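Predicted model, so just to flag it, every value in this text is computed and none were measured. Every chain is numbered from 1 and lettered A, B, ... according to where its sequence line falls, protein lines coming before strand lines.
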Protein chains: 2
Amino acid sequence: MLQGEGERLNELKSQINAAYGREPLDLLIQDVRLVNVHSGRVVSTNIGIKAGRVVSISSSFPSKRPALVFEGKNLYAIPGLIDAHCHIESTLLTPAALSEVIVPQGTTTLLIDPMEIANVAGLAGLLAFMDGMESLPYRVFIEVSSRVPTAPGLETTGGILGVEETEHLLDLPAAVSLGELDPSKIDTLSDEHLLKVIAVQRRGKVANGHAIGLTGSSLAAYATAGLSDDHECVTFDELQERVALGIEVMVREGSSERNLEALIGGVLEYGTDTRNLMFCTDDKHTSDIRHEGHIDYNVNRAIELGLDPIRAIQMATLNTAQHFHIEHLIGSITPGRYADFILSESMNKIKPEHVFVGGRLAASAGKLVADIPEIAYPDELRRTVKLHHKLTDKDFTIAADDVTAHVRVIELIPGQIVNRAGEAALTVENGAIRPDVEQDVLPICCVERYGKNGRIGRGFICGFGLKQGAIAGSVAHDHHNILVVGVDPREMRMAAEALVASQGGFVVVASRKVQALLPLPLCGLMSEEKTEIVDQKLAAVRDAARSIGCPLETPFMALSFVSLPTVPELGITDYGLVDVKQHKITSLFLG
Amino acid sequence: MLQGEGERLNELKSQINAAYGREPLDLLIQDVRLVNVHSGRVVSTNIGIKAGRVVSISSSFPSKRPALVFEGKNLYAIPGLIDAHCHIESTLLTPAALSEVIVPQGTTTLLIDPMEIANVAGLAGLLAFMDGMESLPYRVFIEVSSRVPTAPGLETTGGILGVEETEHLLDLPAAVSLGELDPSKIDTLSDEHLLKVIAVQRRGKVANGHAIGLTGSSLAAYATAGLSDDHECVTFDELQERVALGIEVMVREGSSERNLEALIGGVLEYGTDTRNLMFCTDDKHTSDIRHEGHIDYNVNRAIELGLDPIRAIQMATLNTAQHFHIEHLIGSITPGRYADFILSESMNKIKPEHVFVGGRLAASAGKLVADIPEIAYPDELRRTVKLHHKLTDKDFTIAADDVTAHVRVIELIPGQIVNRAGEAALTVENGAIRPDVEQDVLPICCVERYGKNGRIGRGFICGFGLKQGAIAGSVAHDHHNILVVGVDPREMRMAAEALVASQGGFVVVASRKVQALLPLPLCGLMSEEKTEIVDQKLAAVRDAARSIGCPLETPFMALSFVSLPTVPELGITDYGLVDVKQHKITSLFLG
């Protein structure tokens, strides 16, 4: 994707020559019904490709015989689909392993906000993570994370992206935007974050929004600050208000956030111009992607609801490319753009028969046929879990003087990332608070895992339902320290230590031993295995958690959101319990 | 328009505060019908402005009393109009003097390709020209000229913009694109020009096309090279072919090039999506602008033909801003964008009652009310006409040995910039060829005027009809050396010398004296006077030319195109007569 100037010059000359017919094409896709997202028409034609890019769309056969001819068999040729906003870390897969999941579905470009990696590994780590991405059988562009850390002064993170680091990243050709900016940073006029917006605009790139729940003057202020899109739009009223302020809307279908029906329903009812709209997934699990689809799902669902197929396809292709100022590279099947496209029997329900990326066949009949590159990540990404000092059982014991301790409790709300601030009275024995299995009030500890200061934040949580043992995870938004919930301090320590040994992951400890472990050694966030293995091991840790009493469908995801210092009402970091509304550390004791 | 980071940060904070209602607005435009080009709706609302930008569009009155309230009187508020491509030099006015002409018509932004200035004054001169532009009562963005010189090796120019100079210019915030690239540079795979395209794309900026007459594989090759728009589109078939290749079309209404009716007619007949279309003037004289309008004319004419007013307005605002990646700055009346807009009684026929630029009233009832800034240009722009050595009458005498000379003749075609290569037999007396007033075959000389080498190119021309005297001009595309046509060598020398004395302009000499002179001291291209004075003096030189026999309506414009070494069939530069098709200097003698 990126290359030297001289190399690009030679390639460009050869592409121009091929367009003129002076040099043979590398590949001619013969006889397709091309969905032209610029003209809005479907045209019977051939696609000529040279050095990875489209150089001709013409119904006549070129004078020089192409190196290769691929029979298009009158299939629809649809531009490769673009996910306008997603977090690749939440798939638990490496970008390479993810190829198998998304490319056969027709997604050829991801715009990723690598917020989690950046919080773990900082600028150097992020650069290392991006290394080798050009060898993937799909394209990746970067939305440079704006909140690293999310809550300065309330959490320890591995990396920090200040203005300088952000500018460094924004200068990279693969960087297309500043990633979703937290509205509170606008409200509080944060110098750092406003300077990041100024920096991205000066580079002719885009500032992505995250306008969750904003309306009226707060939304106007957000637009005034330069935020130009929103993927957190839930109702059609919100969509209309955003579009009218010049904020483009990404219609999201993730694993849990499902906004398409409400938004497209309104678009159809009110005849809204779709040029301001795009599609994204934000967070979608691989199992959901494999089961129902990726961006193709958004497109097909919108068409099913009644949206004109070309409009729906534009939302997944041209509109996104134009919004991110990369319409000269992707988003349509036209000369000069990368030869990224789908061949599909139908354009009303996209089901990729073949997927081409950069003029190469990448997937056929639902299977990846491109080679998955072996990307060797350096130790700074694979050895990120470090303890400041050796853990003891005492680290997981919460001390108190009285016979009864009145404590704050994080109460999970099933299926939601917000929680409630509850209360409980717990027995104290020998100066230590006892977990209350009956009431389901268990200690939760957040262990600083960057080897920086050895902090451990402590609190109580209700909702995990463990009767014995402990579970732990190193995916803990957005600081990604180690979170442990358990009944027994020793098993809590063992769970934390198991994750240090595996360099991150999800673990269940019971009966004094590790019952199941999904290692996530890449930043403590991602596996290096293929999707089937990851799915199996994920199922195993979930089963193990269930076997010690956890009633949750996805216990490790629930755990990963408890840590957020920005989502109401309570969060937990290595600094301690966070009162989100007050934006400060609060005591775990009441009164 | 451009400012330091700290200044911008403070301004942004104050704008955000005003959007929240924490600080008073600078200006509230109360009670308008806002034409929202994003949503495609017209909404009754108020416009809140702070520090030059829109910060709110809301029907409620702000809680803090605004510093100023302007009664919108239920007028339509329409985003300020953008000219997507023009050459400011062809107005003969300075940017400051042009304010009076275009701003009252509702044009608030020009995207200019300063090709002529660059050919005269190079990088340093162009930078000097741009200096002070932020004080104008309209906005200027730069399409960085790609052909300086147009025909290397066939002409002497004052300036050269190689790859390095071009990159320097492209890095400027005011630069939005690489200016219209000559298709022959793609055809011949010119390293220099392809590297310029690569350079502009790497900066996330746009490569402007000039796809005159291209079709089929040449057009595909042009698109392959990265050229992304075209303002030379004449027929609707051309428009369709361009749009289908991902090339956006600028619908042009200049003084002589009139493409709107044909293009918009087709758009209406075939229901073409207008999102790919913009408006431009390219070259429009001030008298035409004052008489029929500027971009408002394009919009009104399109509506008159039947185009939906909002679509027409989008073509002059949002579409252009998006194409040039400056939609966060201009193109709509929404928070974060500059407060550039028109108030008009009607949206079906825009007639600006008031024009606001950067939140200030710039024009009312057809008159500029903003101050015209005094921009003092440095000597490098005001002393550009230099001779290498003193001229003699002999310099304007064309020598021959025979008694009859058989010569090539540039034959003007009335109203066109192309010409025909003709022939003539001329009498030779005392070793000098005599002009033939009967046949209207007169000598034409092109005097190098940068003091670099003193070359004089010589040829014969038919069409100026002079019976006596001489006319001369320093506007001579694109090299802008001094062109002289005349009957008498001494008067030809006097005409050239008059232009050296005036530092450029248009002049008529007869009866051994200057009969009329329009000085154009700014680069030899532009006057420093106001539009009325320039118009008067232009009329005077035209009258004087007519009085010595010239039948042409606009003799100096005809003269200025004869020099082009790229427009068939013959051109003339200081190197001599140019065979355009062969792209080389040819002898003025036949056989």
Side-chain angles (χ1 to χ4, degrees), chain A residues 5 8-9 12-13 15-21 36 38-41 43 48 53-58 173 186-187 189 191 194-195 197-198 201-207 216-218 220-221 223-226 228 240 243-246 272-273 275-276 322 325-328 332 334-337, chain B residues 5 8-9 12-13 15-21 36 38-41 43 48 53-58 173 186-187 189 191 194-195 197-198 201-207 216-218 220-221 223-226 228 240 243-246 272-273 275-276 322 325-328 332 334-337:
Chain A
E5 212 164 57
R8 175 67 191 127
L9 179 62
L12 185 54
K13 286 181 180 178
Q15 287 161 339
I16 293 168
N17 277 333
Y20 272 115
N36 191 312
H38 294 286
S39 70
R41 304 261 151 89
V43 197
R53 302 214 194 194
V54 175
V55 301
S56 64
I57 46 176
S58 163
I186 302 303
D187 189 358
L189 304 176
D191 276 10
L194 295 179
L195 284 171
V197 174
I198 293 171
Q201 288 193 340
R202 294 232 159 144
R203 283 161 178 78
K205 299 183 179 185
V206 170
S217 63
S218 333
T224 296
S228 71
Q240 282 193 300
V243 166
L245 292 176
T272 307
D273 192 340
R275 68 185 275 184
N276 310 296
Q322 287 184 334
H325 301 168
I326 48 177
E327 71 277 7
H328 60 298
S332 68
T334 46
R337 280 75 173 183
Chain B
E5 211 165 57
R8 175 68 190 127
L9 179 62
L12 185 55
K13 286 182 180 178
Q15 286 161 339
I16 293 168
N17 277 335
Y20 272 115
N36 191 312
H38 294 284
S39 69
R41 303 261 152 88
V43 197
R53 302 214 194 195
V54 175
V55 301
S56 65
I57 44 176
S58 164
I186 302 303
D187 190 359
L189 304 175
D191 276 10
L194 295 179
L195 284 171
V197 174
I198 293 171
Q201 287 193 341
R202 295 233 159 142
R203 283 163 177 77
K205 299 183 179 185
V206 169
S217 63
S218 333
T224 296
S228 72
Q240 281 193 301
V243 166
L245 293 175
T272 308
D273 193 341
R275 69 186 273 183
N276 310 296
Q322 287 184 334
H325 302 169
I326 47 175
E327 71 278 8
H328 59 297
S332 67
T334 47
R337 280 76 172 182

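- Each of A:Ser218, A:Ser56, A:Ala18 has some count of heavy-atom pairs under 4.5 Å with chain B, and the biggest count is that of A:Ser218.
- The two atoms that bring A:Thr224 and B:Pro335 nearest to each other are OG1-CB, 3.4 Å, heavy atoms only.
- Taking both residues in full, the closest heavy atoms of B:Ala244 and A:Thr334 are given as O-CG2, 3.3 Å, listed atom of the first, atom of the second, then distance.
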Inset, instruction - Apply side-chain contact (heavy atoms from CB on, under 4.5 Å) to B:Glu5 and A:Leu195, showing your working. - result: CA-CA 8 Å; B:Glu5 211 165 57; A:Leu195 284 171; 3.9 Å; yes

Inset, instruction - Step by step, work out the side-chain contact (heavy atoms from CB on, under 4.5 Å) result for A:Lys13 and B:Asp191. - result: CA-CA 9 Å; A:Lys13 286 181 180 178; B:Asp191 276 10; 2.3 Å; yes

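- Of the two parts of A:Ile16, the backbone and the side chain both hold a non-hydrogen atom closer than 4.5 Å to a non-hydrogen atom of chain B.
- Here the closest heavy-atom approach between residue A:Ala19 and residue B:Ser217 is recorded as O-CB, 3.4 Å.
- Contact count versus chain A (heavy atoms, under 4.5 Å) is highest, among B:Arg41, B:Lys205, B:His38, B:His325, for B:His325.
- Only the side chain of B:Leu12 has a heavy atom closer than 4.5 Å to any heavy atom of chain A.
- Counting heavy-atom pairs closer than 4.5 Å to chain A, the top residue among B:Gln201, B:Gln15, B:Gln240 is B:Gln201.
- Inspection of the B:Arg275 and A:Gln322 side chains reveals an N or O donor paired with an N or O acceptor under 3.5 Å.
- Ranked by heavy-atom pairs shorter than 4.5 Å toward chain A, the options B:Ala207, B:Gly216, B:Ala225, B:Gly204 are led by B:Ala225.
- Proximity to chain A (any heavy atom under 4.5 Å) is shown, for B:Ile186, by both the backbone and the side chain.
- Between chain B and the residues A:Val206, A:Asp273, A:Asp187, the most heavy-atom pairs under 4.5 angstrom are made by A:Asp187.
- No other option in A:Ala223, A:Ser228, A:Ser39 has as many heavy-atom pairs under 4.5 Å with chain B as A:Ala223.
- Among the candidates A:Thr272, A:Leu194, A:Val43, A:Val54, the residue making the largest number of heavy-atom pairs closer than 4.5 Å to chain B is A:Leu194.
- If you measure heavy-atom distances from A:Leu245 to chain B, the contacts under 4.5 Å come from both the backbone and the side chain.
- Proximity to chain A is limited to the side chain of B:His328, based on heavy atoms less than 4.5 angstrom apart.
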